[in-house]
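In what follows, a single structure is set out as structure tokens and then discussed.
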Protein chains: 4
Amino acid sequence: MGLIVKGGEVVTAAERFFADVRIDGGTITDLGAKLDPRTGDETLDASGHLVLPGFVDPHVHMELPFMGTVSADDFETGTASGIAGGTTTIIDFCIQTPGQPLTSAITQWHAKSAKAVGDYSYHMAITDFGPNTPNEMREVVQKHGITSFKVFMAYKGALMVDDGQLYQVMKTAAEIGAVVTVHAENGDAVFHLQRELLAAGNTGPEYHPVSRPSTVEGEATERALMMARLHGATAYIVHMTCKESMHALERAKLSGQHCYGETCPQYLLLDDSVFTKPDFGGSAYVMSPPIRPRGVGHHEALWAGIQNGLLDSVGTDHCPFTHAQKLAGQGDFTKIPNGAAGVEDRLQLLYTYGVQAGHISLERMVELGATAPARIFGLTGKGSVAVGKDADLVLYSPEGKSTRSAKTHHSRADRSIFEGFEVQGRVAKTIVNGRVAYDGQQLMVTRGSGRFITRKPSHFAAGVKA
Amino acid sequence: MGLIVKGGEVVTAAERFFADVRIDGGTITDLGAKLDPRTGDETLDASGHLVLPGFVDPHVHMELPFMGTVSADDFETGTASGIAGGTTTIIDFCIQTPGQPLTSAITQWHAKSAKAVGDYSYHMAITDFGPNTPNEMREVVQKHGITSFKVFMAYKGALMVDDGQLYQVMKTAAEIGAVVTVHAENGDAVFHLQRELLAAGNTGPEYHPVSRPSTVEGEATERALMMARLHGATAYIVHMTCKESMHALERAKLSGQHCYGETCPQYLLLDDSVFTKPDFGGSAYVMSPPIRPRGVGHHEALWAGIQNGLLDSVGTDHCPFTHAQKLAGQGDFTKIPNGAAGVEDRLQLLYTYGVQAGHISLERMVELGATAPARIFGLTGKGSVAVGKDADLVLYSPEGKSTRSAKTHHSRADRSIFEGFEVQGRVAKTIVNGRVAYDGQQLMVTRGSGRFITRKPSHFAAGVKA
Amino acid sequence: MGLIVKGGEVVTAAERFFADVRIDGGTITDLGAKLDPRTGDETLDASGHLVLPGFVDPHVHMELPFMGTVSADDFETGTASGIAGGTTTIIDFCIQTPGQPLTSAITQWHAKSAKAVGDYSYHMAITDFGPNTPNEMREVVQKHGITSFKVFMAYKGALMVDDGQLYQVMKTAAEIGAVVTVHAENGDAVFHLQRELLAAGNTGPEYHPVSRPSTVEGEATERALMMARLHGATAYIVHMTCKESMHALERAKLSGQHCYGETCPQYLLLDDSVFTKPDFGGSAYVMSPPIRPRGVGHHEALWAGIQNGLLDSVGTDHCPFTHAQKLAGQGDFTKIPNGAAGVEDRLQLLYTYGVQAGHISLERMVELGATAPARIFGLTGKGSVAVGKDADLVLYSPEGKSTRSAKTHHSRADRSIFEGFEVQGRVAKTIVNGRVAYDGQQLMVTRGSGRFITRKPSHFAAGVKA
Amino acid sequence: MGLIVKGGEVVTAAERFFADVRIDGGTITDLGAKLDPRTGDETLDASGHLVLPGFVDPHVHMELPFMGTVSADDFETGTASGIAGGTTTIIDFCIQTPGQPLTSAITQWHAKSAKAVGDYSYHMAITDFGPNTPNEMREVVQKHGITSFKVFMAYKGALMVDDGQLYQVMKTAAEIGAVVTVHAENGDAVFHLQRELLAAGNTGPEYHPVSRPSTVEGEATERALMMARLHGATAYIVHMTCKESMHALERAKLSGQHCYGETCPQYLLLDDSVFTKPDFGGSAYVMSPPIRPRGVGHHEALWAGIQNGLLDSVGTDHCPFTHAQKLAGQGDFTKIPNGAAGVEDRLQLLYTYGVQAGHISLERMVELGATAPARIFGLTGKGSVAVGKDADLVLYSPEGKSTRSAKTHHSRADRSIFEGFEVQGRVAKTIVNGRVAYDGQQLMVTRGSGRFITRKPSHFAAGVKA
């Protein structure tokens with residue numbers, strides 16, 4: 001009745017070792033030098049493959065209502081795309097509409113996510129802090145098993161919170177042991193820069209990065225970390241892109257503050273030349289914060305953080321919009337829906353441009369893409385290959401080269417920001433909850449088979465870093 | 001014929017999980033939710049215990065000829081002391097006498113270490129770099145399985161190398177993929193400060209720290225890292241004690257340099273008030289670099305490094321001398337043999353003052369004390385609880401309190417620098433090479449049963465950080 | 001008809017030299033090794049004295065309507081107090097009432113300042129940025145000769161601007177070549193901290209510093225400098241008190257940004273123990289940002305900035321309230337009017353605790369207290385002893401000791417935050433506009449004799465640092 | 001009998017003002033709005049000109065025996081070249097031959113410098129520290145009026161001191177109130193890098209910078225400053241070229257250390273592309289430390305230091321060698337005599353590329369090139385235009401453009417590293433000791449008219465920064 005994955009090289013955040021892995025009832029039960037099948041056990045040959053934990057993407061947005069449209073992947077296609085790319089668990093963002101009770105938003109999100117084919121949780125995004133919000137936040141943690149929140153310091157007039165609200169979210173989170181994830185850009189500055197650019201007739205996607213310089217991200221990161229520090233709250237800065245915000249994070253960590261930083265493959269691998277692609281092609285890359293220029297130290301700072309441990313995780317900010325959707329911003333770059341696909345690309349990109357390129361070890365890749373996100377956000381059954389963990393595994397073949405493309409990915413996005421990127425190796429099989437859900441060619445998933453994972457506030461959120 | 005450790009909570013650098021552990025022939029063969037004994041298997045009840053990998057101490061000196069005497073623990077008593085404290089593998093320093101071929105020193109060290117009761121390796125310390133040294137270094141790595149070197153930037157007139165030698169060691173190490181461990185203090189400055197203090201009649205042990213201010217450690221750390229950077233060599237700064245050297249390490253890591261830092265429990269937990277203990281009692285604490293004052297940021301910088309990952313490992317610099325030996329420095333602190341015992345104290349101290357105090361997680365403790373030292377120095381069979389690893393385990397009971405003392409430790413040192421330190425939990429059993437070598441009360445070790453572990457240059461030494 | 005100051009040692013920001021100084025018609029006309037009186041010239045013996053330029057205080061608030069009351073010194077008593085302390089020129093803050101046209105506020109301020117006995121200018125404080133504010137700002141500079149603005153990032157609900165307003169002030173200032181002075185504290189965080197402290201029954205003045213920790217000052221400094229950098233505006237951070245804001249200023253300057261920092265004697269010389277003085281005595285010291293604790297590096301950072309040049313000027317933030325006025329905050333520290341007297345103390349304190357204590361040279365004292373404020377703010381006739389400068393001089397006797405006290409100072413403040421501070425030397429004579437206005441004992445000033453000094457945007461504001 | 005310079009705009013480090021300047025007997029006696037000639041006074045029309053103090057070059061080497069030859073300018077041609085460029089005072093380096101008593105070297109230098117046409121002093125370079133050196137250093141200060149020393153951390157086997165010697169020089173200097181100037185490069189690393197490059201057949205001048213990377217300068221700067229800090233000595237780092245050494249200086253200053261930094265025009269204005277000029281043309285630029293590459297932050301760090309005050313002075317390291325002399329290094333770049341001409345170029349370059357380019361004010365230019373060097377090194381009669389100062393003045397016309405060239409400069413150097421640099425304005429007249437020594441076309445100097453200026457240890461050397 002179980003499944004034995006035989007002959008592969010298991011990789012955890014701590015080490016690599018050859019072992020057979022036995023799965024039973026959706027759980028990893030045994031790792032052994034040589035596991036003999038019991039009656040009814042199936043066997044899967046993993047020789048020549050790396051046996052990785054199912055990757056955990058701490059930053060995705062499926063069917064997100066945003067900027068007048070809805071992101072193109074729903075929970076079914078989005079989680080399926082993830083599985084094809086070796087990601088078996090996602091954390092989406094459940095976003096409060098201003099005025100809405102938090103639990104009402106959760107109900108909405110549960111309705112959407114019921115069709116997911118992989119496991120998931122949410123960060124609860126607070127966009128409107130009222131007198132009852134502290135109580136609601138407590139209920140979200142204790143009754144709904146959602147132990148992380150989100151605040152946006154940008155998107156003025158939409159999602160953005162002001163400093164008073166930021167303060168109160170941090171204070172409440174510290175009291176209830178929750179992590180606060182932060183989109184750090186100075187939304188007021190961005191708002192005015194956008195207005196001025198448009199007024200000057202600068203309307204194309206190439207002005208998107210001009211409206212969001214790295215200094216406004218660095219400033220907001222410093223501010224968010226200060227607000228967390230005031231209360232002993234644990235802040236997690238999402239999608240860091242630049243040296244200024246890295247420096248703010250470094251200063252905080254060097255002074256002993258307990259906080260986390262995340263980046264995404266696009267910030268490591270692309271540069272701002274993408275925004276000038278012809279035929280409104282730059283619009284595909286419009287996301288916030290923007291992809292940065294080379295030659296001024298941003299990419300180097302991010303890679304150093306990946307290597308020296310000051311960056312803790314790599315997410316994707318998967319939030320695709322089709323070209324048709326992006327056209328809403330023709331003639332006004334501020335109306336281009338922000339986001340792109342990525343959940344399916346992350347593992348192969350990290351393997352190729354991180355491990356193969358000599359920047360990081362396999363163990364560190366697993367830590368960044370699976371173990372750390374699971375640990376930071378309290379997904380105790382996820383993120384590693386170990387006895388008792390959920391039976392989510394990736395068999396990765398290091399052999400062969402291929403090319404990332406919108407033609408072959410499983411997202412509904414009709415373009416890929418990694419179009420043409422050559423990658424080494426491939427996801428040969430993805431096992432989800434003990435079953436092979438992707439065999440390297442075909443997805444074999446069942447709509448709705450994904451589960452909402454409830455979490456508990458972890459001791460890490462109370463000031464202890466792993 | 002195997003041994004099953006049942007019911008414990010396994011801790012690795014990546015995660016914690018409840019699992020039985022099966023050992024066979026000196027190797028961990030299985031981890032399982034429930035392992036059934038095979039014929040001949042013994043079973044050991046680990047319920048209520050943490051099952052840790054045997055700790056690896058990357059920094060000890062057994063029977064070291066130094067300052068006119070020899071350190072008090074030989075390889076037998078020193079490794080036994082380690083086993084009683086949960087450390088099953090040590091890396092000693094094989095030290096070249098000036099003019100001596102490196103292999104000749106290795107032969108000497110092998111003769112001494114043959115009586116060890118736990119496994120061991122050496123760092124090869126180079127004190128005299130001649131024209132043939134590059135060839136000898138290559139031979140040390142390739143034929144002797146020793147893949148790390150040591151240079152002393154202090155101890156002028158004895159072990160100290162000058163900058164030209166430091167340069168050449170780094171250059172050669174980079175070529176052959178070896179790690180260079182560095183004692184970083186400006187030996188010239190120390191030499192003159194010592195002379196001046198003695199000339200002024202300041203002869204007691206309380207002048208030892210005055211002769212080695214933190215600035216001379218910080219400067220030398222900067223210099224060592226620069227020399228490594230010139231060649232792309234991997235430097236590992238041993239026994240870091242102060243903010244100045246931490247800042248130098250941080251700058252290097254933040255700029256993308258591949259390097260490592262180690263501290264020791266005494267630098268985290270003690271302060272320089274120890275040097276004024278009556279009856280020449282301060283002599284027990286004389287080691288280099290010295291224990292630092294509080295209130296100026298040294299301890300905070302070290303703890304932050306422990307937490308934020310910029311420090312990579314915790315060693316002990318175990319190098320005990322008896323009070324009788326220390327008396328050689330009465331009337332002249334520069335003649336006090338430098339060193340103290342610590343190999344037996346490390347795990348309990350890290351557990352109590354690190355984990356219990358809320359500074360670090362159990363996983364991080366295992367990383368600092370076992371996994372990282374093994375990984376950095378290429379001890380591929382050591383440092384974790386995983387299939388295929390050597391069967392070196394510690395069963396740690398988190399229950400109960402006791403007190404560290406020279407009266408009860410197993411080192412020959414007649415004093416303990418941690419005398420009276422209350423600790424939480426205890427080493428209930430230490431398993432070495434598949435056998436219980438310490439049962440929480442008695443050592444059950446066989447002289448000479450320890451093995452020299454040959455190592456290979458790892459890819460980490462070639463610029464990839466885990 | 002002229003006046004010759006004979007035999008003194010002139011001190012400028014550049015050098016010291018013995019010279020006679022001839023004044024004619026309110027202007028310095030000659031400096032000479034030996035100046036012979038012309039017919040009608042008077043002579044003043046300055047032998048044994050330092051001949052300093054009249055000091056310039058870039059930060060005072062006379063008869064300021066604030067927190068329900070009005071600061072205790074009006075322009076007459078305040079400028080007289082300054083003259084008795086060697087300060088002959090002040091820059092006050094003309095503060096816009098929300099909704100008020102800027103020029104209307106200037107009219108109000110001119111009405112108040114007409115009674116001044118020393119020269120003065122204003123910084124124009126913007127508290128409400130509307131569509132016409134850029135035009136008004138331009139008019140302020142070009143028609144009113146006021147070339148510096150002020151924004152408050154604190155005092156939420158009163159003077160505070162939000163980030164959008166801050167952005168626009170910086171942008172406009174950059175366009176018109178004006179300097180923007182900034183009160184840098186995160187007003188939202190302060191607001192909430194105050195509310196929480198009061199709610200917890202913490203109502204005494206000792207909670208004032210708790211409500212404004214140094215981190216909120218550091219954060220706001222970083223933010224203000226980022227906003228300036230976006231536009232190439234010149235920011236001048238007033239009353240810096242702590243290491244966090246110093247670090248932000250340092251980072252900006254080290255990266256080549258053109259910006260300035262000011263501190264005040266109280267932040268250099270006092271510590272937060274003052275807030276616990278009995279009988280509501282701590283209220284005398286309530287000002288924002290608050291006086292900081294010792295032992296954590298704030299004072300050291302400020303003194304280092306004074307010495308290494310990264311701090312540019314020393315002002316006073318003179319804004320006295322009597323004990324009767326301070327009583328408004330009994331039972332609620334947030335209602336204690338913020339401010340204290342200082343315009344009369346600065347020179348003696350800088351001389352005693354700066355020059356005599358060996359921290360700075362006489363030349364640097366003159367630069368910090370006179371030359372730099374005049375240069376930064378375009379008071380071209382002020383700030384030095386040189387041919388063509390206004391005839392504002394201080395004859396300072398380095399002999400003798402005395403004690404600062406509210407009993408002897410000339411401010412209306414009934415308490416002194418420097419009460420009991422022993423000082424070395426004294427202001428023997430102050431010459432204002434060519435006339436002796438203070439003879440070391442008596443003020444000899446005429447109500448209304450002070451002049452409003454119009455300024456022009458200087459090239460310094462356009463990105464060139466002196 | 002006096003000379004009145006009429007109608008110019010005087011510039012000091014503190015301010016600018018229009019004044020007539022009266023000179024009598026080699027001293028400035030009067031500055032006045034309108035000075036009337038006395039009987040016998042001559043008058044010089046300075047209208048339309050800046051009246052600057054004669055510039056002070058703190059770093060030159062005239063007729064220096066070095067690398068098997070002697071620098072091409074002797075004290076006569078070198079000081080004359082300076083005067084044509086507005087530099088009226090130089091500080092040369094009197095260099096001890098190993099084993100030689102310091103006073104013997106001084107005697108040698110006095111013999112050479114007797115023919116100088118402008119005033120001068122020496123830094124006393126210590127290359128060999130023996131038991132009697134402290135006494136000799138004291139004598140140098142007290143009897144010879146030389147209050148600054150020099151150590152070379154590079155030029156192994158020639159001028160280089162080791163760390164023990166460096167320590168002792170700093171210690172002694174602190175005791176006697178002298179400044180220690182430091183050439184900061186790690187000489188051991190350079191030595192080995194040179195050997196390796198030559199062994200690999202890399203012999204051309206383009207390998208000179210490769211043999212002296214910026215990291216070896218940064219490291220040595222850190223080390224020198226640490227050695228100074230140990231003793232409270234005042235270090236002055238000469239010819240700083242790179243971000244790494246700037247960062248070390250910044251860290252020291254930010255921590256409150258009293259120290260100084262100097263750069264030179266070539267490091268601000270040139271880049272390492274010069275080394276590949278054809279026909280061994282790169283040899284003209286060979287000096288140490290080398291001119292640095294662009295694009296990695298070196299030039300930006302230097303300019304920021306010029307602007308923010310962390311750099312204190314601009315010298316030239318004038319040390320020319322002719323092409324014929326440079327040919328000694330054909331086939332071996334380590335034999336190319338290190339050095340180039342610059343004493344005549346500094347003022348025009350600073351005016352054009354500093355002031356005109358908007359980086360610095362005129363006042364700051366005067367501070368960097370005249371006032372600060374004079375103040376730091378105790379040349380109390382030099383460096384400013386003030387009553388009582390020596391009558392060394394430059395009348396600088398800001399009008400007109402010209403081009404720097406070896407064809408027109410007055411040095412014996414047959415090439416100029418600033419060949420073709422367009423400059424704004426010109427030295428219209430240089431007044432030395434009250435006499436016009438250069439009229440913008442002709443030098444009117446008398447061999448031997450220059451004077452050795454004795455200095456006294458200043459209070460600045462005792463830890464007080466101006």
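Lettering of chains follows the sequences in order, A, B, ..., and the numbering in each one begins at 1.
Here the shortest heavy-atom pairing between Thr12(B) and Ala14(A) reads OG1-CB, 4.3 Å. When all heavy atoms of Leu31(A) and Val387(B) are compared, the pair lying nearest together is O-CG2, 3.4 Å.
Between chain A and the residues Gln257(B), His247(B), Met365(B), Glu15(B), the most heavy-atom pairs under 4.5 angstrom are made by Glu15(B). Ranked by heavy-atom pairs under 4.5 Å with chain A, the list Asp24(B), Asp30(B), Ile28(B) is led by Asp30(B).
Distance CE/Met246(A) to CG/Leu254(B): 8.0 Å, rounded to 0.5 Å. With rounding to the nearest 0.5 Å, the separation of NZ in Lys253(B) from CD in Gln307(A) is 11.0 Å.
Of the two parts of Glu300(B), neither the backbone nor the side chain holds a non-hydrogen atom closer than 4.5 Å to a non-hydrogen atom of chain A. When heavy atoms are compared at a cutoff of 4.5 Å, Ser384(A) approaches chain B by way of both its backbone and its side chain.
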